[in-house]
Amino acid sequence: MKEFIKKISGVRWVSSLLFLIALFVITGIVNPTFFSYSNIIACFNNSCVFMLLAIGISFTIMTGEIDVSIGAVMGLTAAISGVIAQQNGSWLPMLGWAVLVGAVTGLVNGIGVAVLKVPSLIFTLGTCGVVRGIVYIYTGGRTIENFSGSFTRFGNSTVGNTGIGVFFLMMIVIVAVLAVLLNTRRGKYFLAVGDNIGGAVLVGIPATRVKFFAYILSGIFAGISGIVFASKYGQITIIAGNGYEMSAVAACVLGGISLSGGLGNVIGAAIGGVIMSSISRLLVFLGFSSDYDNTITGVMLIAIVVIDALTQQRAIENARRERLLARAAVSGQ
Amino acid sequence: MHSDGKQKLLVVKGTTKAFGQNRVLKGVDIAVDRGEVLALIGGNGAGKSTLMKIIMGIYQPDGGQIFIDGKEVQMTNPAVALAEGVYMVPQEPMLFPNMNVLENITMGFKESTLSLRNRLVKIMSEIGWKMDLSRKASTLSIAEQTLVEILRGLLRNSKILILDEPTSALTFDEVEAFFKVVRDLKSRGIGIIYITHRLAEVFDIATHVAIMRDGQITLEGPVANFTREMLVQGLLPPDATHEAELKENTTKIDYTHLKPIFELQNLSGYGFQDISLKVYPGEILGIAGVVGAGRTELVSTIFGRDKVLSGKVILDGKDITGKKTRDILEAGIDYVPEDRHLHGLFKISSVAANTTSALLKDSVMGKLLLNKRQENRITDKYISDFRIKTMDREELAGSLSGGNQQKVVISRALSTKPKLVIMDEPTRGIDAAARGDVYSIIHHLREDGVAVLLVSSDMEEIMELCDRTVTVFQGHINGEFSGNEINQDNLTAASFGLVNNE
């Protein structure tokens, strides 16, 4: 049992899950009306967009890079899905476009970062601008709304009487599949590249290809999140997805994925996504205006990144000092 | 030449490589057979690392061939080299710090984890190594990390192992244990290329030796054919004039009337214990020892970079124990660090900006705006005094050669007119001519009455320069020598912990 506790507490996403539960409990203590099944399940049901974005970007973060173009990609595929939904189109073309837009953006990012070795923040900031521009051109600046009923109804439908959203159920399946895949030896390439790229190359891991693949995955997940966004909210403004990349990064960090790469798990990203999307709801129950949303998220993000950096530095420094002390002590006697 | 060369395990023929105008390899031939350990020695910049990276497929050569078991192989990328049974253990072990030992070793294989694990356990029991496979790599010592790297190679059934200065960060005991491992590997018929800077290791462990200088092999053959002196000759440039006469010209210090300018009293910190020493004005005190003995930790602690655990640091009668680096600079100590790239040079600033950067707080450089004329005057003085080879003072410091970069870093240290200068391996990786210049700079300092604390692993450097020398072994001072006592035998014995004076 002790072994089990030790092992489980070493898994980073477990602390994220505990953090999420703590948030729920605190909110419930301050405002007992929060403690209802429908409130809590709604937190999960509404998290699908952030979960998809966070899972996607977690691949690039694991490899030690970043992708800030995902918000724009989401905005574009949401607009495309919206237009298809207006014409009462089916899911298939939406999915096709989402994957295409995501993959192409990912490809461009991959060329820039993995092949041309441009710093990833700068390069993806550039693609972000380009894609955001395409959204304006594509929509002509108009808000896209009045979708066919079935489209929005599906986005908010639940499984039987359980209250569990269809999208959320799909998310659980996706996360489970990815978690298993990432635990295979090839799946671990992402973490290996982020942990020590030089070492990865030396043991024969195709580091460039891995980064490329991470960007394509990041793009595709962002693309798919656009469909979910359109279906859930039924209205796409031209700024849809603006700033979502920051929330996705925050979700990853909250989920225990190290921004310096090499550490983390998609389960953590998914839990982080739930935390990020729940905060505005929790704030309402805590009696804050939703105007505080961004500020509080920002503070939380900074706090966690600082704690993470400090504990890591400390661990490294302590290990170094211990080694040095041991070395000097050998001949002390 | 190698008429039977085609049958050998690894043959490298006529390899050339240039980076831009810089011809790093000028037609290199080496060969290793099963059960052989080829010691490859040579100074920094001789081209050893480039050659190894070509063998590993990380760089592509401009010309030349590589044969493995007589078959020509195009090493287009590391995966090809790995498949051909070549594995390189880099100088800095390249582990994944966030993964455990097992994951680190099995990363990059296509086999199932279970069968890999079984094979690994078998290999480890065969050679008698014990290691907890579930430990995180970030908790391993450097020696353990090197073992993990070797296990990676063995698990790939590598026939050829390249070990790049594997002992440079190991303690004395670890080196002994490591040599046992190399002997094991040798007896298993593995061919090893062993890169080292330590001549003693060549006779301990190698069967063959090759010396590389300036992109060429200058000497090669079975170790038994050579003496230590012959190897040293092979390393020296053909026109090397020994600067030993410098030492003859310098005067002996009369200690009777001198008061120490700098003193350590029972100083302990991370990596060293109970260090006491005195340095007098105009004296060069050597701190000898092997890498990892705690010397760099000692001097960087004196300079305020790490915590003092106990004891005292006294400069010119004032207690400066545990002060911040800025205050220690102010008090009159300057430090020329071991790694000039990491801790010394501002690479993308000009030579002038580098030289005067330690003076920026000083009003010499202008009260509010930077006094450019003053900057130029100071820089020109050092450029001519130290013979810094630069196009002009505005050239970027990063584009100078290693020796000239080092002179810039020393200039900066001296521009503040310190009472004590600490130099950590001041001539590592710089060529013979620049080394001579650095030596004469140090002699000038001595004549100006500046005290110098010289940390060096190069025994000849210590012998050449120092008035007195202490040796550090595993964090303790275990010997002090002056005058004629400073010789290779005494220093080597003490550095490796063999001292008779109790």
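Labels below follow one simple rule: chain letters A, B, ... track the order of the sequence lines, proteins then strands, and each chain is numbered from 1. As a basis for the values below, the full set of heavy atoms in this structure was taken, side chains included, without hydrogen atoms, waters or symmetry mates.
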(request) Would you check, one step at a time, whether the test side chain to side chain donor-acceptor pair (under 3.5 Å) holds for A:Thr127 with A:Asn109? (result) CA-CA 7 Å; A:Thr127 44; A:Asn109 285 334; 2.8 Å; yes

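Among B:Ser268, B:Gly108, B:Gly153, the residue making the largest number of heavy-atom pairs under 4.5 Å with chain A is B:Gly108. Ranked by heavy-atom pairs under 4.5 Å with chain A, the first of B:Met88, B:Met56, B:Met99, B:Glu149 is B:Met99.
With a 4.5 angstrom heavy-atom cutoff, B:Leu155 does not touch chain A via any of its atoms. For a residue to count as touching a neighbouring chain, one of its non-hydrogen atoms must lie under 4.5 Å from one of that chain's; by this rule B:Thr113 touches chain A with backbone and side chain alike.
Taking 4.5 Å as the heavy-atom cut-off, the residues of residues 76-84 of chain B that approach chain A are B:Pro78, B:Leu82, ordered by number. Proximity to chain B among residues 260-277 of chain A is limited to A:Gly261, A:Gly262, A:Leu263, judged by heavy-atom separations below 4.5 angstrom.
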I'd like a table of donor-acceptor pairs (distance under 3.5 Å, sequence neighbours excluded) in which one partner is a side-chain atom from residues 186-193 of chain A, with atom names and distances.
unit_1: A:Lys188; atom_1: NZ; unit_2: B:Glu103; atom_2: OE2; d: 2.8

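No donor-acceptor pair under 3.5 Å is formed between the side chain of B:Ser276 and the backbone N or O of B:Gln265. Side chain of B:Arg156 to backbone of A:Val203: a donor-acceptor contact under 3.5 angstrom is found. B:Arg295 places a side-chain N or O within 3.5 Å of a backbone atom of B:Gly289 that can act as its donor or acceptor partner. The main-chain N or O of B:Asp274 is never found under 3.5 Å from a side-chain atom of B:Asn266 such that the two would form a donor-acceptor pair. B:Arg152 places no side-chain N or O within donor-acceptor distance of the main-chain N or O of B:Thr106, the cut-off being under 3.5 Å. Counting only distance, with no hydrogens or angles, the side chain of B:Asp164 and the backbone of B:Ile195 share no donor-acceptor pair below 3.5 Å.
Residues satisfying the ring pair (Phe, Tyr, Trp, His ring centres under 6.0 Å) test with B:Tyr59, not counting sequence neighbours, are B:Phe19.
When the shell of 6.0 Å around CZ of A:Phe213 is examined, it contains 12 or fewer heavy atoms from other residues, nucleotides or ligands.
Side-chain contact check for B:Thr301 and B:Asp306: no donor-acceptor pair (N or O, by modelled atom type) lies under 3.5 Å.
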